[in-house]
Amino acid sequence: MDSSTPFAHASEAEMARILDFYAVRWSYEPETFPILWNLDGDVVESFSPDFYLPDLDLYLEMTTLRQKLVRKKNRKLRRLRELYPGINIKLFYERDFRALMLKYGKVALADGLSGTLGQVAAPYGDPAPTAAIRATDETDTPADADTDDIPAATVSTATTSAARRRNRRLARAAAGAP
Amino acid sequence: MTRAPDLHADVGEILLTEEQIATRVAELGRRISEDYAGRPVTLVSVLKGSLPFMADLMRAIDLPLRIDLMEVSSYGGGATESSGLVRILKDLSATIEREDVLIVEDIIDTGLTLNYLVRYLRGKNPATLRICTLLDKPARRLVEIPVDYIGFTIPDQFVVGYGLDYGELYRNLRFVGVLKPEVYAGPAEAEAAGV
């Protein structure tokens, strides 16, 4: 797998390592689905699932925000399913990620990879930055934020780069919007 | 100082009693015996968690059967992790080509391990390949795999006992129980559990 994949979130890098371990092929944010247009036909909202697993024909979206903060993500997912009923997508919540880390004996790691702290994006090949991150309390702000919506001021270089790529895809999608 | 585990006190709730497990294993054994209808079957158990289930299930099946054991590395499992790939730590001891094979699992949650195992065993050309699991935790499923025999569908909780472990402990409990969050608590679990 490509070790230079610019993951927007450390939990995504960890998930990629898990998928690699179990020989499940994946691609990172391969598609952006427009989910809302304005009256001029311009895309005003879109959804880019984090992973596509081609052998399973499954999109996987990860959110490591606290459960109470995932309302917006759930709404976008409902909209996506309405507009694209043929796609198979699963939302992986923070509790799912924690359970996965617990299963693999890495529960301490989950604290450093969850929520806003996890946006210190780790390169794919590097271990997640746990010790330094755990020294700081997890913050729930910005509320309702996810990696699709995170304000630019809080993102790392890698995340900004991912956002730029997303914006370029959005622009392309807008050109072909209904 | 490291806290010494108290096997019974660390379990917050008994999810499945010894009696419930025994009754269900007997039912599964009868169903499997009927479905294979006298054909020999090879049970393939995946170490280590499924050992108690395998031991009980094989005695509940009234068929000529062989057993075999496999062990695969788990993600996060120390030295094996550095390879970046799952490893077969113990392979089958005999061929399964043209055999009727039944995989015996303790629990299916994400399906990642089972998905790998099914692909691996299919490559050995068994006549049939079916799956039997004591516990199914569908809330955690990433990879959908058709499961032929399910003992119990359980809620999204961390369970131990009857072969299932946490940190290699609790396997010898005769029941399946929910581990108290404070046993494995990170900050979030501790907060949720009020510890």
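Atom set for the values below is all heavy atoms of this structure, side chains included, hydrogens, waters and symmetry mates excluded. The chains referred to below are lettered A, B, ... by the order of the sequence lines, with proteins before strands, and numbering in each begins at 1.
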* Structure fact -> The reported gap from CG in A/Leu102 to CG in B/Leu179 (rounded to nearest 0.5 angstrom) is 8.0 Å
Would the number of heavy atoms belonging to other residues, nucleotides or ligands and lying under 6.0 Å from [atom1] of [X] be above 12?
| X | atom1 | value |
| --- | --- | --- |
| B/Arg39 | CZ | yes |
| B/Arg119 | CZ | yes |
| B/Asp91 | CG | yes |

Please determine whether residues [X] and [Y] belong to a single hydrophobic cluster, defined as Ile, Leu, Val, Met, Phe, Trp and Tyr linked transitively by side-chain heavy-atom distances below 4.5 Å.
| X | Y | answer |
| --- | --- | --- |
| B/Leu57 | B/Leu114 | no |
| B/Leu112 | A/Met62 | yes |
| B/Ile96 | B/Val104 | no |
| B/Val46 | B/Ile107 | no |

* chain B contact via A/Leu53 - side chain, backbone, both or neither, heavy atoms under 4.5 Å -> neither
* **Under 4.5 Å from any heavy atom of chain B - which part of A/Ile18** => both
Closest approach of [X] and [Y], non-hydrogen atoms and distance?
| X | Y | answer |
| --- | --- | --- |
| A/Val24 | B/Asn115 | CG2-ND2, 4.1 Å |
| B/Glu144 | A/Lys90 | OE2-NZ, 2.9 Å |
| B/Ser73 | A/Tyr22 | O-OH, 4.4 Å |

* chain A contacts, top residue of B/Asp165, B/Thr110, B/Leu142, B/Val72 (heavy-atom pairs, under 4.5 Å) -> B/Leu142
* Asked: Side chains of A/Lys103 and B/Tyr75: closer than 4.5 Å at any heavy-atom pair?
  -> no
* Are any non-hydrogen side-chain atoms of A/Leu58 and B/Val143 less than 4.5 angstrom apart? -> no
